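Before any comments, here is the structure.
Please read all numbers here as calculations on a predicted model, not as lab measurements.
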Amino acid sequence: SCHTCCLIVLFRSVGWERTIMLDLIHEMTIKLRGNDRTRGRCMEKLIYLLWKETGKPHAAFNAELLGPVQRKLVALGAQRLQVHVVDDAVAPGAKLHARVPYEPVLEDVSARIAGYAVSEATVLPITEAQPDGVRVPGFSQIALFRKLPGITQEGFLNIWMRDQTKVGPETQDTFYYGQNIVVRALTVGAPPLDGIVDECYPIEALTDHLVYWKANGSEEVFQAHLKREMDNVARFIDGDTVSAFVTSTYRFGGWTDQPA
């Protein structure tokens with residue numbers, strides 16, 4: 001939690017022999033630094049995150065950082081020292097991190113959680129609100145995946161958002177199709193993902209591949225749809241990373257989907 005950590009920013013002088021590397025790694029720092037290159041030396045910016053010990057009061061932790069710790073850092077040559085601490089003055093800011101209160105609730109009932117921030121596109125929406133605690137008809141299939149190695153992010157999104165948006169509903173009997181582009185992981189140790197797909201099918205598709213593949217009872221149509229789908233996903237998804245599972249879905253709050 002950010003409530004148990006602080007951030008320390010400091011600059012230190014380094015020799016000219018490291019100037020080229022600093023230009024590459026700390027380009028923004030150097031641009032902002034202006035005329036700090038003097039007498040054959042330049043400035044390097046360092047950022048440290050610190051977590052307080054469990055049980056240690058925030059006030060004591062902050063007092064140590066703002067007192068003896070900062071004096072020691074300055075004595076060791078730190079310049080432009082900046083210390084960020086969580087204190088009573090910014091306590092209302094905890095509400096800015098809306099996701100934080102949810103995670104402890106999930107962790108209490110799970111061996112492990114993995115959270116992601118995503119950008120959602122709803123290709124096929126569910127337009128009727130579902131009563132709280134009532135199962136959505138049919139079943140859902142969730143798929144997690146990484147993009148194909150070597151493909152650019154732009155190419156990955158173009159094929160997924162443009163081509164697969166058409167191929168998927170035309171080859172499978174889905175009544176809901178949601179695409180989630182993973183923006184970033186929210187929790188430590190979350191497996192790396194590029195996309196999460198949520199699709200809903202009629203319950204008959206669980207046991208009848210001709211229903212699942214929208215084949216209208218035809219084995220020939222089934223084979224054609226299967227090939228078209230597999231050929232297209234192979235263009236942008238790393239098949240070795242796909243993890244898919246079937247679920248029942250429950251919605252709460254009386255909401256409906258906003259189509260893309």
Next on the checklist: Let's go through V123 and Q179 carefully: what are the C-alpha distance in whole Å and the side-chain angles of both, what is the deciding distance for side-chain contact (heavy atoms from CB on, under 4.5 Å) to 0.1 Å, and is it a yes or a no?
Outcome noted: CA-CA 7 Å; V123 180; Q179 300 168 312; 3.4 Å; yes
Any idea which heavy atoms bring [X] and [Y] closest together, and the distance?
X    : Y    : answer
I151 : I159 : CD1-CD1, 4.0 Å
G254 : A129 : O-CB, 3.5 Å
P169 : T165 : CD-O, 3.1 Å
P202 : V211 : CG-CG1, 4.0 Å
V83  : V85  : CG1-CG1, 3.8 Å
G195 : V182 : N-CG2, 3.9 Å

Same apolar cluster (I L V M F W Y, side chains within < 4.5 Å links), [X]/[Y]:
X    : Y    : result
V167 : Y177 : no
L65  : V74  : yes
V246 : L210 : yes
F61  : L81  : yes
I196 : F245 : yes

Checklist entry - Heavy-atom count around Q153 CD within 6.0 Å, excluding the residue itself: above 12? => result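 Atom CD in Q153 is crowded, with more than 12 foreign heavy atoms closer than 6.0 Å.
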Heavy-atom distance under 4.5 Å between the side chains of [X] and [Y], does that happen here?
X    : Y    : value
Y176 : D257 : yes
L144 : L193 : yes
I237 : V242 : yes
Q164 : F236 : yes
T122 : L124 : no
P191 : Y116 : yes
F139 : S248 : no
T187 : E103 : yes

Are any of the side-chain nitrogens in [X] or [Y] under 4.0 Å away from the carboxylate oxygens of its partner?
X    : Y    : answer
K56  : E64  : yes
R228 : E170 : yes
R146 : D240 : no

Would you find a donor on one side and an acceptor on the other, under 3.5 Å apart, between the side chain of [X] and the backbone of [Y]?
X    : Y    : result
D173 : W213 : no
S218 : E220 : yes
K166 : M161 : no

Distance, nearest 0.5 Å, that separates [atom1] of [X] from [atom2] of [Y]:
X    : Y    : atom1 : atom2 : result
E204 : Y212 : CD    : OH    : 14.5 Å
L76  : R71  : CG    : CZ    : 13.5 Å
E229 : N232 : CD    : CG    : 7.0 Å
F156 : T152 : CZ    : OG1   : 10.5 Å
T247 : R135 : OG1   : CZ    : 8.5 Å

Checklist entry - Taking the six-membered ring for Trp, are the ring centroids of W160 and F145 within less than 6.0 Å of each other? => result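 Here the rings of F145 and W160 have centres that are less than 6.0 Å from each other.
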Next on the checklist: Pairing donors with acceptors under 3.5 angstrom, does anything connect the side chains of Q172 and Y201?
Outcome noted: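 Yes - a donor-acceptor pair under 3.5 Å links their side chains.
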Checklist entry - Can you say whether the rings of H209 and F222 are parallel (under 30°), tilted (30 to 60°) or perpendicular (over 60°)? => result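 If you compare the ring of H209 with that of F222, the planes turn out perpendicular.
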Next on the checklist: Show, in sequence, the C-alpha distance, side-chain angles and deciding distance for V221 and E219, and conclude whether the side-chain contact (heavy atoms from CB on, under 4.5 Å) test is met.
Outcome noted: CA-CA 5 Å; V221 173; E219 284 289 340; over 6 Å; no
Next on the checklist: side-chain contact (heavy atoms from CB on, under 4.5 Å), that's the test. Do I142 and V197 meet it? Break it down for me.
Outcome noted: CA-CA 6 Å; I142 311 297; V197 168; over 6 Å; no
Checklist entry - Can S140 and T249 be said to form a side-chain hydrogen bond (donor to acceptor under 3.5 Å, both in side chains), step by step? => result CA-CA 7 Å; S140 295; T249 300; 2.5 Å; yes
Checklist entry - Checking side-chain contact (heavy atoms from CB on, under 4.5 Å) for the pair D238/K147: CA distance, chi angles, key distance, verdict? => result CA-CA 5 Å; D238 183 351; K147 69 182 181 69; over 6 Å; no
Checklist entry - Are R235 and D163 close enough, and set up right, to give a salt bridge (Lys or Arg N to Asp or Glu O under 4.0 Å), and what steps lead you there? => result CA-CA 10 Å; R235 297 170 58 210; D163 300 346; 2.9 Å; yes
